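Just below is one structure, and these are the notes that go with it.
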Amino acid sequence: MVRVMVCGPRTEAEIDMLAEAGVDAVGLITEVWQPLACNLSREEARRLAARLPPFVAAILVLTEERPDEVCRLVERVRPAAVQLHGFNSPSQVALLRERLPVKIIKTLHLDGDRLLGDKPPEQAAAEYLEAGADALLLDRFHRGKVGATGLVVDFVLARRLRQAAQPRPLILAGGLNAANVARAVRTVRPFGVDVFSGVTTAGRLNPRKVRAFLQAARRA
């Protein structure tokens with residue numbers, strides 16, 4: 001069964017709602033450079049992570065690229081995993097793998113049907129996995145936004161990257177919602193899906209949309 005991560009809670013009430021809905025993981029968007037209303041301080045992220053019950057993983061979502069600062073954030077928040085949503089190099093990932101006691105998820109950014117940078121997608125994926133990333137996440141980049149674009153990734157390319165990454169997991173993000181997540185899961189066969197904009201209304205998590213998304217993803 002596909003795992004589901006919902007990003008963007010701001011309050012303990014939203015944490016409780018997500019846990020009750022049955023999500024597998026919660027993405028705590030913390031001190032990112034992209035303007036987002038759900039951007040938490042490290043103290044807020046620590047408090048919300050501690051609120052999660054057993055078997056619901058706290059994922060620290062960062063755009064921070066400096067290894068020392070990433071380590072400080074992880075030490076303070078104490079998540080189950082860190083999602084590197086910036087443009088960390090493979091060498092930075094390798095250094096973090098040596099220093100961090102938690103799983104590392106590295107985001108690959110698609111701009112349309114191509115990966116940002118000058119490397120073929122499979123080569124970039126292989127370099128991050130060789131550096132020590134425990135999983136890859138595929139998301140859309142658009143006009144300076146590294147996430148929360150509402151734009152869907154190329155499912156065919158995503159499936160190709162999922163196959164290239166095996167046996168390491170691929171997590172699919174980018175423009176997912178209750179109407180398209182079943183097709184995404186059937187086409188790509190990802191380990192998990194990551195959603196934010198598809199379960200929000202006016203920038204806030206919408207419980208009805210969260211439940212509909214979970215139902216659609218797991219039916220697939």
Side-chain angles (χ1 to χ4, degrees), residues 5-12 14-15 18 25-52 56-111 115-119 124-149 165 168-171 173-174 192 194-197 203 205:
M5 177 167 77
V6 175
C7 292
R10 307 185 210 176
T11 66
E12 292 184 350
E14 288 177 331
I15 288 287
L18 293 175
V26 173
L28 301 171
I29 299 171
T30 306
E31 298 185 10
V32 300
W33 54 255
Q34 181 175 326
L36 288 169
C38 60
N39 193 9
L40 304 170
S41 70
R42 63 190 69 187
E43 296 305 323
E44 291 171 322
R46 177 186 173 95
R47 176 172 52 83
L48 295 184
R51 179 82 175 185
L52 285 168
V56 180
I59 312 297
L60 182 60
V61 181
L62 305 175
T63 55
E64 177 61 64
E65 296 168 9
R66 295 168 295 175
D68 286 347
E69 192 60 24
V70 172
C71 290
R72 279 191 283 269
L73 281 157
V74 169
E75 182 179 7
R76 187 60 187 156
V77 177
R78 299 180 183 176
V82 60
Q83 181 174 310
L84 302 175
H85 220 87
F87 300 103
N88 315 71
S89 67
S91 61
Q92 288 174 324
V93 172
L95 180 58
L96 289 170
R97 179 67 288 154
E98 293 177 0
R99 297 177 58 182
L100 289 179
V102 301
K103 299 289 186 182
I104 297 173
I105 303 166
K106 179 65 188 82
T107 298
L108 301 178
H109 303 92
L110 282 177
D111 187 5
L115 200 67
L116 284 185
D118 56 359
K119 295 178 182 177
E127 289 181 1
Y128 282 119
L129 293 173
E130 186 177 352
D134 298 285
L136 300 175
L137 184 142
L138 197 59
D139 203 351
R140 278 292 299 269
F141 175 91
H142 184 65
R143 295 180 181 175
K145 292 183 177 182
V146 291
T149 65
R168 240 75 69 84
L170 179 84
I171 302 162
D194 174 1
V195 64
F196 172 60
S197 59
L205 292 175

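Heavy atoms only: backbone and side chains are in, while hydrogens, waters and symmetry mates are out. As the structure is a computational prediction, the values presented were derived from the model and not from experiment.
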Indicate the atoms forming the closest heavy-atom contact of [X] with [Y], along with that distance.
{"X": "Leu48", "Y": "Leu28", "answer": "CB-CD2, 4.0 Å"}
{"X": "Cys38", "Y": "Phe196", "answer": "SG-CZ, 3.7 Å"}
{"X": "Cys7", "Y": "Val61", "answer": "SG-CG2, 4.4 Å"}
{"X": "Pro79", "Y": "Val102", "answer": "O-CG1, 3.4 Å"}
{"X": "Leu136", "Y": "Ala125", "answer": "CD1-CB, 3.5 Å"}
{"X": "Lys106", "Y": "Gly86", "answer": "NZ-O, 3.1 Å"}

Query - salt_bridge(Glu12, Arg47) N-O dist < 4.0 Å - result: yes

Query raised in the report: Counting heavy atoms not belonging to Glu69, are there more than 12 under 6.0 Å from its CD?
Result: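 Counting other residues, nucleotides and ligands, CD of Glu69 exceeds 12 neighbours.
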
**Report entry** Greater than 12 external heavy atoms within 6.0 Å of Arg97's CZ
**Finding:** yes

Would you call [X] and [Y] a side-chain contact if the rule is heavy atoms closer than 4.5 Å?
{"X": "Glu64", "Y": "Leu73", "value": "yes"}
{"X": "Asp68", "Y": "Arg99", "value": "yes"}
{"X": "Glu43", "Y": "Arg76", "value": "yes"}

Requested in this report: Kindly say whether Ile59 contributes a backbone atom to a donor-acceptor pair with the side chain of Gln83 at under 3.5 angstrom?
Outcome: no

Query raised in the report: Under the side chain to side chain contact (heavy atoms under 4.5 Å, CB included) criterion, do Val32 and His85 qualify, and how do the steps go?
Result: CA-CA 9 Å; Val32 300; His85 220 87; over 6 Å; no

